[in-house]
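Below is one structure, written out as structure tokens, with a few remarks after it.
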2 protein chains.
Amino acid sequence: MQSKILLSEDQLPKQWYNIIPDMPGTMSPVIHPGTLQPVSPDDLLPLFPMGLIEQEVSQERWIDIPEEVREIYKLWRPAPMFRAHQLEKALGTPAKIYYKYEGVSPAGSHKPNTAVPQAYYNKIAGTKRIASETGAGQWGSSIALACQHFGLECTVYMVKVSYGQKPYRKSMMQLWGADVFPSPSDKTNAGRSILEKDPDNQGSLGIAISEAVEDAATHEDTRYALGSVLNHVCMHQTIIGLEAKEQLKIAGDYPDVIIGCHGGGSNFAGIAFPFISDKANGKDIRLLAMEPASCPTLTKGVYAFDYGDTAKMAPISKMYTLGHDFMPPGIHAGGLRYHGASPLVSQLVHEGVVEARAVPQTACFEAAVLFARTESIIPAPESSHAIRGAIDEALQAKEEGKEKTILFNLSGHGHVDMAAYDAYFANQLEDYEYPEAAIQESLSHLPKVG
Amino acid sequence: MQSKILLSEDQLPKQWYNIIPDMPGTMSPVIHPGTLQPVSPDDLLPLFPMGLIEQEVSQERWIDIPEEVREIYKLWRPAPMFRAHQLEKALGTPAKIYYKYEGVSPAGSHKPNTAVPQAYYNKIAGTKRIASETGAGQWGSSIALACQHFGLECTVYMVKVSYGQKPYRKSMMQLWGADVFPSPSDKTNAGRSILEKDPDNQGSLGIAISEAVEDAATHEDTRYALGSVLNHVCMHQTIIGLEAKEQLKIAGDYPDVIIGCHGGGSNFAGIAFPFISDKANGKDIRLLAMEPASCPTLTKGVYAFDYGDTAKMAPISKMYTLGHDFMPPGIHAGGLRYHGASPLVSQLVHEGVVEARAVPQTACFEAAVLFARTESIIPAPESSHAIRGAIDEALQAKEEGKEKTILFNLSGHGHVDMAAYDAYFANQLEDYEYPEAAIQESLSHLPKVG
């Protein structure tokens, strides 16, 4: 019984897939937060090196992966794919479930797939330091790791509630040489102005982004890096889906439904985008983004122009949003607590190409426990949303007596998140109500654009 | 620059290597703790299934790995080998450093290599429950995982100081369905008698073994499992070295020195034993076991008969020992805090085939930090002892201007041990003096055998 499907290093993709030329509908411009006019590539130069700005707007379908990046990818890539035989058996489903496992990276998640090229393009552009933010710490640890590889300094603003709750992630960043500050911090105007009004503010990803963007914009030698949302980030992550397609070929299979958890959109994009052109070419597949019910950007947000951060310093994009000052409840899947979403994923949802579904966290942990007890791997709380989606699809197939092939992205392991499992077993996890009033309030602050 | 060396699943070894027929000198008998006479296989039946007892005493050089075990091994095996190019560069050494990485298992260490076959042989013998102990939790989580695979119940006695310090490991065991008790516990006579004298006793591996052995011996449907020390455990771990030999062939290389950290001996045996027959056949190689200076079994203990546990319920073996009631200081490499050692490794040290070296923990963390900052992977504190050994060998090669090929076993990742790194960075790690008086005291309690 073959359960692991491997590629050789020779089969590591040589190019990323850029979905922009294949997008349905027309892309909306990105708007400058100061002028409220469309940004030019030059406007972005204080934040990003030109190599990444070019990728952000490229119309090329395939972008070469630099050899220096592929060499580092090979530390853990190609990542394995598994057929979840034991899970299928436990569910008694006729469905076949495959998962791509990204927890094999040194940081334990898919985030280094984009951290490494981002650090690389900064290095060759002469950047000395990268400023970034992190929620749960998966991204922060990955950018720290990548900066270490290329000899760049790294400053991470970590959402304060996570800084306290996830000390191991903070330690990983420090071990890889990064400076880590709890956000809101007193290091930036954005942080100080929030602390003045609310000294106990526990932070949000939107606030932390404001701090990192300000840090980069106000230091000549420093650039900013974002772990999700942006076009080039989604593109770097397509290495997941490109490998998955090859692995499914080896298995002699093709998915009916492809599932990823959704926070900012990058791991979902990574597994899903390479299959979307097949869908455009007539393949009957579904693409399913799973988000937390407590931060239901795609399912309860609006498709509108909004700031990427709380302090309105980051560019304005057309995306699904809950409002840039929405404060999501403190769930354990800290990586999925973002008010916005990737503009690319948003447009695909808006055009009906991608489905979205919101699930409460206890249902996700229930899925994660079943997964760990059948497939052995302990999932990150974020990834458990994708597992929930896969299990629900498999149970539906059982009910309908239908065969179905399911592919999902297991974006990271949960070894650093065991406190969340403890809370689940102790019945201490709350399933937050959909915070409708808070969302209505924050949605009333959208910028007047478009 | 090729840094990762992979085997295909077809190349997963089909047999373990049993070193017993190739041992120098004659093996000493194992002694019954009650009668002080040599044990018969039947004496061991209350503790182990016959399949494992047969392996414990087998004279066959090669033992088939059951297909059911190989199927589970394939979830993470063959494990990768890496050439440590970045570490070599940082050291400026002419030495080539290779490492075998065992942190890819679902539990994050090499321990599942023996947990899985132990659970398997118990399952086919009709065992319903396995009782075991754990120090740092690497073994406890692995036996919990393996029991989950085969539908066995699992009870783990966890050294109390680790139960408090390493909550994530405890949570992993519970997630994989095990019952975990801090040891000494009130569940056994052994535990209760220690708590009566010393209610605040923080436990030791020797005490936890006593509890698990008593639990197994007093319950008909329950057997005992040990994560290191025993012959069959060392044999299961030889899959590490067998794979490493094939991987070095692919690299066109052969090691001058092979290094593993040493607690009970199983991960060292795993990487080293398959090379020892080459040494007997004239290959000029060195085998180096690295142990903590605070628990210097091989370097400061005596080679004598001693109990495997504190309460004198486990069999008596001839081994290097610090005395069965030696209480090692609470270092962060909790997996290396055992008073005794594998009888096989002990005999090899005694015969001069294997060298041993003791190192203080700060020197090991220093090595681990350099490793994480060059090779990306965060090492478990136990594994850092092997890294220290490899770096010292590489620096010596530099001093002597000699080429040298070094192979070491990176037995696990440190994602669950980040608190130890925090303590290191905060200069809070103590380098315990070699506790000579305590060792002399405990050595005065050796049983009168042989």
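A, B, ... follow the sequence lines: proteins, then strands. Residue 1 opens every chain.
Contact tally against chain A (heavy-atom pairs below 4.5 Å) for B:Glu67, B:Glu375, B:Arg373, B:Gln148: the top residue is B:Arg373. Comparing B:Pro80, B:Ala372, B:Ser105, B:Gly414 by heavy-atom pairs within less than 4.5 Å of chain A, the highest count is held by B:Ala372.
Residues A:His149 and B:Ser376 have side chains in contact (heavy-atom distance under 4.5 Å, counting atoms from C-beta outward). Between A:Ser3 and B:Leu75 there is a side-chain heavy-atom pair separated by less than 4.5 Å.
Contact of A:Val104 with chain B is not made at all, since no heavy-atom distance falls under 4.5 Å. Proximity to chain A (any heavy atom under 4.5 Å) is shown, for B:Ala144, by neither the backbone nor the side chain. Only the side chain of B:Tyr421 comes within less than 4.5 Å of a heavy atom of chain A; its backbone N, CA, C and O stay farther away. Looking at A:Tyr168, both its backbone and its side chain come within 4.5 Å of chain B, counting heavy atoms on both sides.
Ring orientation note: the planes of B:His413 and A:His413 are close to parallel, at an angle under 30° on the 30°/60° scale.
Of all residues spanning residues 171-181 of chain A, those with a heavy atom less than 4.5 Å away from chain B's heavy atoms are A:Ser171, A:Met172, A:Gln174, A:Leu175, A:Trp176, A:Gly177, arranged by number.
Atom NE2 in B:His85 sits 8.5 Å away from atom CD in A:Glu71 (nearest 0.5 Å).
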### Query
Given the rule in the side chain to side chain contact (heavy atoms under 4.5 Å, CB included) test, do A:Ser8 and B:Leu6 qualify, once you have shown the distances and angles that lead to the verdict?
CA-CA 8 Å; A:Ser8 70; B:Leu6 294 175; over 6 Å; no

